[in-house]
**Q** 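Attaching a single structure in structure tokens format; questions to follow.
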Amino acid sequence: VPEVVIDGRTGLTHALGDAAGLAERLCRLLDDPALAARLASAGHRFARQRFSGARFDEEVARIYDGLLTGQWPHPPASDPDPDPMAASSG
């Protein structure tokens, strides 16, 4: 799920079908609870910001505005939190 998991920042990824890679990453998280907590916190923050109701409303309004003005498609809106490991301000 590349929309949510940024390897090493919001979670750990592995190649599709790579059972050994999955096992290694799971063991890494089990062996390092601090890493697991950091990734979980960053992933939660990232998902809240990226998929919030306000963000959805902004994207829909941007699409409608572009359609109404004949300027669709627009480039995607900027990422609200380019560094999901950064501490949340609120």
**Q** Is any side-chain heavy atom of Leu35 closer than 4.5 Å to a side-chain heavy atom of Arg28?
**A** yes
**Q** Test: side chain to side chain donor-acceptor pair (under 3.5 Å). Region: residues 12-26. Which pairs qualify, not counting sequence neighbours?
**A** Asp7-Thr13
**Q** Say whether, by atom type as modelled, one donor and one acceptor occur between the side chain of Ser41 and the main chain of Ala37 under 3.5 angstrom.
**A** no
**Q** Could you tell me whether Tyr64 atom OH has more than 12 heavy atoms of other residues or ligands within 6.0 Å of it?
**A** no
**Q** Can you find a heavy atom in the side chain of Leu12 that is under 4.5 Å from one in the side chain of Leu39?
**A** yes
**Q** Within a 6.0 Å radius of atom CG on Leu68, are there more than 12 heavy atoms belonging to other residues, nucleotides or ligands?
**A** yes
**Q** Got a sec, which residues hit side chain to side chain contact (heavy atoms under 4.5 Å, CB included) with Ala34, two or more places apart in sequence or on another chain?
**A** Asp32, Arg38
**Q** Does a side-chain heavy-atom distance below 4.5 Å link Phe46 with Val5?
**A** no
**Q** How long is the span from the CD atom in Glu59 to the CZ atom in Arg50, to the nearest 0.5 Å?
**A** 9.5 Å
**Q** Do the charged groups of Glu58 and Arg55 touch, with an N to O distance under 4.0 Å?
**A** no
